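A short write-up of the structure that comes next.
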Amino acid sequence: MLRLRQIGNYLAVILGSAMIACGFNLFLVPHRLLSGGVSGLAMLVGYFTPFNISLMYLLFNVPLLVAGWFQLGRRFIILSILSVVSTTWLMALIPTVTVASDMLLASVFGGVLVGVGAGISFRMGGSSGGFDILGSIITRYRDFPIGSVLVGLNGLVILAAAYFDNNWNLALASMVSIYVTGKVVDLIHISHIKVTVYIVTTRTDELLQQLLPLQRGVTKIKTEGAYSHVERDMLMTVTTRYELAELKRIIKTSDPQAFVNIVETVGVMGSFRKRSN
């Protein structure tokens with residue numbers, strides 16, 4: 001079952017990559033629009049030099065993937081590498097065709113496709129590479145919606161495009177695309193939404209060994225079943241929707257029989273980012 005779930009995650013990431021590649025080649029690239037971030041840099045180079053956009057996209061992602069390996073963990077980067085490689089390959093396969101003749105429509109629908117594709121990668125526990133990785137690193141230390149972080153980072157790329165191309169119409173349309181992408185990512189990803197997880201288990205030590213490296217505080221509470229009078233431990237932790245998929249995987253691997261209650265958290269006070277107890 002775990003193997004099938006992993007295969008499903010990989011297929012979902014490839015589907016997201018296909019949507020990103022379609023957003024690029026069918027909507028943004030034909031109008032010389034930018035998607036922002038590393039992909040925007042790759043497009044910028046591709047528009048003004050003979051270099052291939054998909055190849056530049058791959059090369060620009062390599063240093064960020066290496067940095068993410070140390071900051072964000074192996075599983076996250078493996079899925080991100082799959083997304084980047086799949087997007088690069090699909091961009092080379094999908095022809096550059098003008099689907100929407102209107103530049104504004106192209107920016108909106110291109111932004112939606114790219115946002116959905118990136119959001120799917122995030123929901124599976126990875127990213128679509130580029131500034132997504134940088135945004136994920138930032139949100140590890142600062143509690144911001146990741147889509148909003150990406151909009152801010154990508155704005156710098158748009159300013160560079162306006163300067164080099166001297167065409168503010170393209171720059172403004174690209175801003176629309178990036179804004180739409182950021183909002184769609186937030187709708188799908190919802191990493192800034194907190195949840196409290198209560199885990200009633202008999203395998204406390206095994207679970208703690210896996211949970212503590214997640215950099216979340218875990219509180220251990222002694223409990224007793226009202227009917228069985230069997231003593232168990234209840235582990236309580238607050239995490240984000242983004243990290244919830246990894247937390248569920250750890251619980252199912254360490255103690256498939258654990259009773260788990262997941263509650264959406266309205267607010268958090270105190271050392272949310274630090275381990276406690």
Side-chain angles (χ1 to χ4, degrees), residues 12-48 53-54 56-57 60-61 83-84 86-88 90-124 127-132 134-135 144-192:
V13 169
I14 294 173
L15 173 63
S17 299
M19 299 186 75
I20 293 172
C22 287
F24 289 166
N25 285 8
L26 302 182
F27 292 95
L28 301 183
V29 174
H31 292 276
R32 295 174 65 87
L33 296 170
L34 300 181
S35 66
V38 166
S39 56
L41 290 174
M43 290 175 180
L44 201 59
V45 172
Y47 294 155
F48 295 100
I53 294 176
S54 60
M56 291 295 98
Y57 177 76
F60 288 157
N61 269 293
S83 176
V84 169
S86 299
T87 301
T88 301
L90 291 167
M91 284 179 68
L93 286 182
I94 299 172
T96 302
V97 179
T98 304
V99 174
S101 58
D102 184 87
M103 184 173 61
L104 184 59
L105 285 176
S107 68
V108 171
F109 282 95
V112 169
L113 280 175
V114 174
V116 171
I120 289 174
S121 293
F122 275 120
R123 285 296 291 268
M124 294 304 107
S127 77
S128 59
F131 278 5
D132 293 347
L134 190 56
F144 298 132
I146 195 167
S148 300
V149 172
L150 296 182
V151 168
L153 293 173
N154 291 334
L156 299 175
V157 178
I158 297 302
L159 292 176
Y163 176 78
F164 286 113
D165 205 20
N166 196 26
N167 188 336
W168 280 101
N169 286 332
L170 290 177
L172 292 173
S174 296
M175 286 183 182
V176 171
S177 177
I178 291 174
Y179 178 80
V180 171
T181 296
K183 288 302 179 183
V184 172
V185 166
D186 275 345
L187 285 174
I188 297 174
H189 181 223
I190 51 177
S191 65
H192 53 289

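Small disclaimer: the values here were computed from a predicted structure and weren't measured.
- Under a 3.5 Å cut-off, the side chain of Tyr57 and the backbone N or O of Met43 do not form any donor-acceptor pair.
- Taking all atoms of both residues into account, the shortest heavy-atom contact from Pro30 to Thr96 is CG-CG2, 3.8 Å.
- Note that CD1 of Ile53 is 12.0 Å distant from OG1 of Thr88, once rounded to the nearest 0.5 Å.
- To the nearest 0.5 Å, atoms CZ (Phe24) and CD1 (Ile94) are separated by 11.0 Å.
- The two residues Gly115 and Val184 make their nearest non-hydrogen contact at C-CG1, 3.5 Å.
- If you take CG on Leu28 and OG1 on Thr181, they are separated by 7.5 Å, rounding to the nearest 0.5 Å.
- Judged purely by atom type and a 3.5 angstrom limit, Ser17 uses its side chain to pair as donor or acceptor with the backbone of Ser83.
- Counting all heavy atoms, side chain and backbone alike, Ile20 lies closest to Val114 at CG1-O, 3.9 Å.
- Nearest heavy-atom pair across Val185 and Ala118 is CG2-CB, 4.0 Å.
- Note: Leu33 CG to Tyr47 OH = 6.5 Å, rounded to the nearest 0.5 Å.
- Annotation: the span from Cys22 atom SG to Met91 atom CE amounts to 11.0 Å, rounded to 0.5 Å.
- We find the OG-CG distance between Ser39 and Leu44 to be 11.0 Å, quoted to the nearest 0.5 Å.
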Enumerate donor-acceptor pairs with a distance under 3.5 Å from any side-chain N or O in residues 98-113 to protein atoms, sequence neighbours excluded.
residue: Asp102; atom: OD2; partner: Leu104; partner atom: N; Å: 3.0
residue: Asp102; atom: OD2; partner: Leu105; partner atom: N; Å: 3.0
residue: Ser107; atom: OG; partner: Leu104; partner atom: O; Å: 2.6

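- Between Met19 and Val116, the shortest heavy-atom contact is CE-CG1, 3.4 Å.
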